[in-house]
Amino acid sequence: MSTAWFNRALLPWYREHKRALPWRETRDPYRIWLSEVILQQTRVDQGLAYWLRFVERYPTVAHLAKAPEDAVLKLWQGLGYYSRARNLRTAAQQVVNDHGGVFPADYARLKGLKGVGEYTAAAIGSIAFGLVEPVVDGNVYRVLARVFGIATPIDSTEGRKEFRALAATLIDHQHPGDHNQAVMELGATVCTPRNPRCGDCPFAPRCIARGTGRIAELPVKAGKATVRVRHFNYLHIRTAKGTYLQKRTGKDIWQGLYELPLIETERAASKVLLSRSLDKLAPGGWIIEKRSGTVVHLLSHQRIETIFWEVVPPKRWKVPKEWLAVTSNMLNAFAVPRLIERYLNGAVTG
DNA sequence: AAGCCGTGGCG
DNA sequence: TCGCCAAGGCT
């Protein structure tokens, strides 16, 4: 896949829109490293004052290496993730003791510093030393997922691999540092998680997510699956032969379990709406005797809002062939979801 | 690999 | 209001 258009659009946009930030005015790896650690999981607005204070108090990595841990933590106070501050001091000592006081200029040795992971090593390497190392942070995931329409979960091993590979094909070999910062800047200021400003985006004409109306769905995170709300209406039908059950089939929850006959609706069903659905099952003559309150059943990824309806079918009608009449003493022989079990127990006793 | 680590801003 | 999210890394 040719991706030259990506950099043709990206770098001009960046030169026009990049924010003036003090760590962008230097190629001192110490100051760049400081900014990268401070900005881990932290917004520029929050981290800027801390960076200024650190640079003033500890102008070089040697100064930081000599500082007491308590002093570093005090300067870090309020910024959160305090292991970053402890690791910061440790890494400064590593630079002094293991690298002669000079920041290492290769990816592997950068990553060997305490608190410097894949992202930070690539950021320092590309920005301070011009190494062709793609960064993949939260901004990059979001921008690439949307522009290229990638739905692979970003918090999966497969997803991390896929996005890293794509970022590697995209990175500008002449300006790796600017390229990396440009993608992040775009993600931070234009391609934001909510309400992205697509009107200001250089990729808008080519953005897959925008073209297919999936901006809000990308990037995908597997960890916290979005909870889908569904509306179930269960029919409690008592006849001389017993209560009707049916078996759940198909690619859905509770596969293979039994339940009361189900009518799923788009929204919470009213009596009128349910009547219409019942008429489709068999025309005319249904009597709705009782409507339960809404029972909410929570699954990891679904919220099932349930209404149990006691109904009486028409005098003469064709019972769906997948329904089976079960006598009350046989009901507990069938595997049913907890939702159904609780209802049936309540319906019998109360 | 999945859980933990903090705080502030946002809709 | 409250859950999500933010220039991640460590264990």
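So you know, we letter chains A, B, ... as the sequences are listed, proteins then strands, and number each from 1.
Counting any heavy atom pair closer than 4.0 Å across all strands shown, A:T157 reaches sugar-phosphate atoms only and no base atom. Across all strands, A:D45 comes closer than 4.0 Å to no nucleic acid atom at all (heavy-atom distances). Within the 4.0 angstrom heavy-atom criterion, base atoms lie near A:E185.
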Full working for salt bridge (Lys or Arg N to Asp or Glu O under 4.0 Å) between A:R238 and A:E289:
CA-CA 11 Å; A:R238 287 183 250 227; A:E289 290 193 321; over 6 Å; no

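A straight line from OH of A:Y14 to P of C:dA7 spans 14 Å, rounded to a whole angstrom. Atoms CH2 (A:W33) and C1' (C:dA7) sit 16 Å apart, rounded to a whole Å. The distance between atom OH of A:Y81 and atom C1' of B:dC4, rounded to the nearest whole Å, is 8 Å. Following rounding to the nearest Å, A:N87 (CG) and C:dC10 (P) show an atom-to-atom distance of 6 Å.
Applying the 4.0 Å criterion to OP1 and OP2 of C:dG8, one finds that A:Q41 has a side-chain N or O inside that range. At the phosphate of C:dA7, neither OP1 nor OP2 sits under 4.0 Å from any side-chain N or O atom of A:T120. Applying the 4.0 Å criterion to OP1 and OP2 of C:dG9, one finds that A:S83 has every side-chain N and O outside that range. A:K221 has no side-chain polar atom (N or O) that falls below the 4.0 Å cut-off from OP1 or OP2 of C:dG3. In this model, the phosphate group of C:dA7 is approached by a side-chain N or O of A:R142 to a distance below 4.0 Å at OP1 or OP2.
Counting heavy atoms from C-beta outward, A:L88 and A:W33 have side chains that approach closer than 4.5 Å.
Side-chain contact, A:N139 with A:R142: a donor N or O sits under 3.5 Å from an acceptor N or O.
We find that A:R24 and A:E185 are joined by a salt bridge, their nearest charged nitrogen and carboxylate oxygen being less than 4.0 Å apart.
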